Amino acid sequence: MPDDPRDPSDAELAALRHLWDHAPATRRQITDALYPGGGPAHYTTVQKLLERLEAKGLVRSELAAGVRTFTPTVGRDDLIRRRLKAVADALCGGSVAPLAMSLAGGVRLERLARA
């Protein structure tokens with residue numbers, strides 16, 4: 001199944017998760033959250049992640065008083081919905097019923113395993 005070019009990579013998704021919970025956030029705040037005690041290389045990594053997220057239209061940045069902050073432009077639920085639809089299209093011919101049944105069955109089995 002080809003990925004949507006707008007879909008975030010796993011690393012980008014980690015930054016996006018932080019922004020969903022703590023937006024707006026600076027590059028430094030995101031770096032400190034993703035790489036506690038990290039150094040300059042981690043700061044550069046987060047800078048690249050944010051640039052790619054911004055290019056994909058998933059975050060926007062704003063410069064105010066010399067500080068750049070980042071805010072997500074896509075909600076968590078919207079991304080979940082889009083990804084689940086892509087899975088349903090690829091694996092279930094567009095029908096969400098088999099996907100929903102599989103998810104519901106997994107939840108029940110997980111609860112039984114804990115009991």
Side-chain angles (χ1 to χ4, degrees):
M1 156 177 73
D3 291 333
D4 185 321
R6 297 171 298 156
D7 276 350
S9 67
D10 290 343
E12 293 164 349
L13 190 55
L16 196 52
R17 274 193 218 108
H18 180 77
L19 287 171
W20 283 328
D21 295 333
H22 303 286
T26 66
R27 189 175 299 127
R28 172 59 58 200
Q29 290 168 327
I30 298 166
T31 302
D32 290 347
L34 298 181
Y35 303 102
H42 293 112
Y43 186 82
T44 302
T45 296
V46 170
Q47 180 176 340
K48 286 295 181 190
L49 292 174
L50 292 168
E51 287 172 2
R52 291 195 318 239
L53 285 168
E54 204 165 7
K56 292 177 180 184
L58 299 174
V59 302
R60 72 171 181 273
S61 66
E62 187 175 301
L63 184 63
V67 177
R68 183 167 301 281
T69 57
F70 296 85
T71 306
T73 59
V74 63
R76 188 185 318 249
D77 290 343
D78 293 335
L79 186 58
I80 290 170
R81 206 172 357 267
R82 188 171 82 213
R83 284 217 165 155
L84 287 177
K85 183 180 179 331
V87 169
D89 288 347
L91 299 177
C92 308
S95 173
V96 295
L99 182 60
M101 293 300 293
S102 179
L103 289 171
V107 170
R108 273 183 267 145
L109 291 176
E110 184 178 303
R111 286 185 186 153
L112 289 174
R114 287 188 205 153

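Every value quoted in this text rests on a predicted model; they were computed, and no experiment measured them.
With salt bridges taken as basic N to acidic carboxylate O contacts below 4.0 Å, none links Asp10 and Arg17. A salt bridge does not link Asp7 with Lys56: none of the charged nitrogens is closer than 4.0 Å to a carboxylate oxygen. Under the 4.0 Å criterion applied to side-chain N and carboxylate O atoms, Lys85 and Asp89 are assigned as salt-bridge partners.
Residue Leu13 holds its CG atom at 9.5 Å from CG of Leu58, rounded to the nearest 0.5 Å. Separation of atoms OH (Tyr35) and CD1 (Ile30) is listed at 11.5 Å; rounding is to 0.5 Å. Of the inter-residue distances, the one linking Arg60 atom CZ with Leu19 atom CG reads 11.0 Å to the nearest 0.5 angstrom. One finds the OH atom of Tyr43 at 6.5 Å from the OG1 atom of Thr31 (value rounded to the nearest 0.5 Å). Going from atom OG of Ser9 over to atom CG of Leu53 covers 7.5 Å, rounded to the nearest 0.5 Å. Annotation: the span from Gln29 atom CD to His22 atom NE2 amounts to 9.5 Å, rounded to 0.5 Å.
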Please walk me through it: do Arg27 and Arg68 pass side chain to side chain contact (heavy atoms under 4.5 Å, CB included)? CA-CA 8 Å; Arg27 189 175 299 127; Arg68 183 167 301 281; 3.9 Å; yes
Report the C-alpha distance between Asp77 and Arg82 in whole Å, list the side-chain angles of each, state the deciding distance to 0.1 Å, and finish with yes or no for salt bridge (charged side-chain N to carboxylate O under 4.0 Å, His left out). CA-CA 9 Å; Asp77 290 343; Arg82 188 171 82 213; over 6 Å; no
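Side chain of Thr73 to backbone of Gly57: a donor-acceptor contact under 3.5 angstrom is found. A distance-only check finds no donor-acceptor pair linking the side chain of Trp20 to the backbone of Ala15 [under 3.5 Å].
Residues Glu54 and Ser61 bring a donor and an acceptor atom of their side chains to less than 3.5 Å of each other.
If you run salt bridge (Lys or Arg N to Asp or Glu O under 4.0 Å) between Glu12 and each of Arg6, Lys48, Arg52, only Arg52 comes through.
If you chain together hydrophobic residues whose side chains sit under 4.5 Å apart, Leu91 and Leu84 fall into the same group. In the hydrophobic clustering of ILVMFWY residues, with side-chain heavy atoms under 4.5 Å counting as a link, Leu49 and Val59 come out apart.
Closest approach of Ser95 to Ala88, counting heavy atoms only: O-CB, 3.7 Å.
Considering only heavy atoms from C-beta on, Pro8 comes within 4.5 Å of Arg83 through its side chain.
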